[in-house]
Amino acid sequence: MGERRHFDNPFPPYNEEMTLLGPDGKIEESLKKKLTDNVNHLLSVMKEGIKTQDSNDFSVYTGISGISLLYLHLYKAGPLKNDSQQLLEAVKYIKRPLRHLKKHRVTFLCGDAGPLAIGAVLYSMLGETSDSEDCLRRLYNLQHKVMQDESLPDELLYGCVGYLFALLFIQHYLGKDAVDQNVILQVCHKILKSGQQTAHRQHSKCPLMYEWHDKNYFGAAHGLCGIFYILMKVDAPSLKSQIEELVRPSIDYMLNLQFPSGNCPSSYGSTTDKLVHWCHGAPGWIHMFALAYQKFQQDKYLNAAKQCAEVIWQRGLLQKGYGICHGTAGNAYAFLLMFKLTGEKSYLYKAIKFAEWCFDYGKHNCRTPDRPFSLFEGMAGTIYFMADLMDPSNAKFPAFDL
């Protein structure tokens, strides 16, 4: 595998006699207290730390819009649930991005669509209808760039799928009627057409193929599994046949690429089994396989997801840190996903053990991220995960799952 990128997993196998959940289906009390203490401690550290971050990074991925999304999540889940102060904190952190949009990227994670979608939701929750509608109007205006800019890629971080996710985010929080369904379908059709054209040009055996920087990536952030996952999340009867005829066989193509270890290649032609990250590798692919199993009810997708989970357990305590894009907390979401999918408590146990690893934040000699307090690279993402773990049946990977 070359360079070592993970720590040895020190945790013992799951024992069925372990008590993990209380009678309410949530985490048992002693762990709940540890999670609460760690959330509060890391929040206080993060609040001070973000004062030193780049004040001109407004993105959800590494900037202050991601901090706003964290506080929205804390208002909805975890030990600070329904604490109105968390909602006010979320609004505080979204105001500056909304005043200083960069106007050159259209995605939720790295562009203007993220702050606008979050702003629309927050202002709606506060009853500030005009501000919410203004955010929605500005979000809709981005569709012209999405539909007309032929240089725009298709992937999640910088491309059309990143804009599509913003529309789905609005629907999730404000209702299906909050977004014109025709706009969603137009974006989906562009993404599907682009995939067919690239597959044809490259003589690919995969019905849909995509590229970013002249390379065919497979991971959640820049590649195929992120694109297919978000397309499958679209609830539109008129799209069903294309999901069946184009997306499903494309996922079958990817099934054949999975390494014997259970991990997945980062790009076309790669035979290097080393990246166990949400952005590149099994922790991203597992979301696609799990959703494919839910939609198509074929065991081959469930088996592929289980293989992903096994390699994440073996090699998922990452030396890169504790974040969600390429860190231990992001990898732990794979176990929460599998717990929800199968009901097997062994997966919940694994998520808990990865959380316990994160309790020792900063003590494992991990690499310090470039943006150490951000949502996707740093501490904010770890806090998000710990809050989610308190109610595992409702846990969802941020800015990806809905």
Side-chain angles (χ1 to χ4, degrees), residues 35-55 57-98 107-111 113-126 157 165-166 169 172-173 278 321-330 332-333 336 355 358-359 361-362 369-392 394-402:
L35 287 166
T36 299
D37 291 345
N38 275 273
V39 164
N40 289 331
H41 168 67
L42 292 179
L43 264 181
S44 65
V45 175
M46 185 201 75
K47 285 180 182 179
E48 290 302 311
I50 56 178
K51 295 176 182 177
T52 66
Q53 286 198 173
D54 179 5
S55 60
D57 185 345
F58 304 126
S59 72
V60 172
Y61 188 78
T62 53
I64 58 175
S65 292
I67 306 301
S68 177
L69 186 60
L70 168 64
Y71 278 108
L72 172 59
H73 178 60
L74 292 176
Y75 176 71
K76 303 288 285 186
L80 301 172
K81 184 177 181 179
N82 296 324
D83 178 353
S84 59
Q85 183 58 37
Q86 309 315 308
L87 198 57
L88 296 177
E89 289 288 317
V91 173
K92 180 181 79 173
Y93 283 108
I94 206 63
K95 283 185 174 180
R96 191 157 182 262
L98 291 176
T107 65
F108 187 89
L109 283 172
C110 294
L116 289 169
I118 295 169
V121 169
L122 289 173
Y123 286 127
S124 177
M125 292 172 72
L126 291 173
L157 253 67
F165 177 84
F169 181 88
H172 174 74
Y173 280 100
W278 170 81
Y322 309 88
I324 58 173
C325 183
H326 35 263
T328 297
Y333 267 104
L336 291 177
C358 294
F359 289 167
Y361 202 102
D370 294 334
R371 274 75 46 147
F373 304 101
S374 65
L375 182 62
F376 266 68
E377 288 189 357
M379 190 175 289
T382 310
I383 297 168
Y384 199 110
F385 160 65
M386 289 182 183
D388 250 350
L389 183 55
M390 299 185 77
D391 185 9
N394 289 310
K396 294 177 180 177
F397 194 104
F400 188 57
D401 194 3
L402 288 169

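Numbers for residues simply follow the sequence, beginning at 1. Here the structure is a predicted model, which is why all the values come from computation and not from measurement. Only this structure's heavy atoms are used, side chains among them; waters, hydrogens and symmetry mates stay out.
Within the 6.0 Å centre-distance limit, the rings of Phe169 and Tyr173 are counted as a close aromatic pair. Side-chain rings of Trp278 and Phe397 approach one another, their centers coming within less than 6.0 Å.
Scanning both residues, Leu375 and Val60, for their nearest heavy atoms gives CB-O, 3.6 Å. Looking at every heavy atom in both residues, Ile324 comes nearest to Pro398 through CD1-CG, 3.3 Å. When every heavy atom of Leu157 is checked against every heavy atom of Leu109, the shortest pair comes out as CD1-CD1, 3.7 Å. The two residues Ala90 and Ser68 have their closest heavy-atom pair at O-OG, 2.6 Å. Residues Ala399 and Leu69 come closest through the heavy atom pair CB-CD2, 4.2 Å. Closest heavy-atom contact between Met386 and Ala355: CE-O, 4.3 Å.
Expressed to the nearest 0.5 Å, how far CG of Asp370 lies from CG of Asp57 amounts to 11.0 Å. Here Ser59 contributes atom OG and Ile64 contributes atom CD1; the two are 9.5 Å apart, rounded to the nearest 0.5 Å. From Phe165, atom CZ reaches atom CG of Leu402 across 4.0 Å, with rounding to the nearest 0.5 Å. Considering CG of Leu98 and CZ of Arg96, their distance stands at 12.0 Å, rounded to 0.5 Å. The distance from the CD1 atom of Ile94 to the CG atom of Leu116 is 8.5 Å, given to the nearest 0.5 Å. Of the inter-residue distances, the one linking His73 atom NE2 with Leu80 atom CG reads 10.5 Å to the nearest 0.5 angstrom.
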*Show your working on side chain to side chain contact (heavy atoms under 4.5 Å, CB included) between Tyr61 and Cys325 and close with a plain yes or no.*
CA-CA 9 Å; Tyr61 188 78; Cys325 183; 3.0 Å; yes
*May I have the step-by-step check of side chain to side chain contact (heavy atoms under 4.5 Å, CB included) for Met379 and Ile50, ending in yes or no?*
CA-CA 10 Å; Met379 190 175 289; Ile50 56 178; over 6 Å; no
*Check step by step if side chain to side chain contact (heavy atoms under 4.5 Å, CB included) holds for Tyr75 and Met125.*
CA-CA 11 Å; Tyr75 176 71; Met125 292 172 72; 3.5 Å; yes
*Carefully, step by step, assess Tyr361 and Val45 under the rule side chain to side chain contact (heavy atoms under 4.5 Å, CB included).*
CA-CA 11 Å; Tyr361 202 102; Val45 175; over 6 Å; no
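Side-chain contact between Met46 and Leu70 is present, with heavy atoms from C-beta onward closer than 4.5 Å. Val91 has its side chain within reach of Leu126: a pair of non-hydrogen atoms, C-beta onward, lies under 4.5 Å apart. The shortest distance between side-chain heavy atoms of Lys396 and His172 falls below 4.5 Å.
Of the N and O atoms on the side chains of Tyr333 and Asp401, not one donor lies less than 3.5 Å from an acceptor on the other residue.
Between Tyr71 and Tyr93, the ring planes lie parallel to each other; the angle is under 30°, not in the 30° to 60° tilted range.
Using a distance-only test at 3.5 Å, with no hydrogens or angles considered, a donor-acceptor pair links the side chain of Glu377 to the main chain of Arg371. Between the side chain of Gln53 and the backbone N or O of Phe373, at least one donor-acceptor pair lies under 3.5 Å. Side-chain atoms of Asp54 never come within 3.5 Å of backbone atoms of Gly63 as a donor-acceptor pair (strictly under, hydrogens ignored). Between the side chain of Thr382 and the backbone N or O of Tyr322 there is at least one donor-acceptor pair closer than 3.5 Å.
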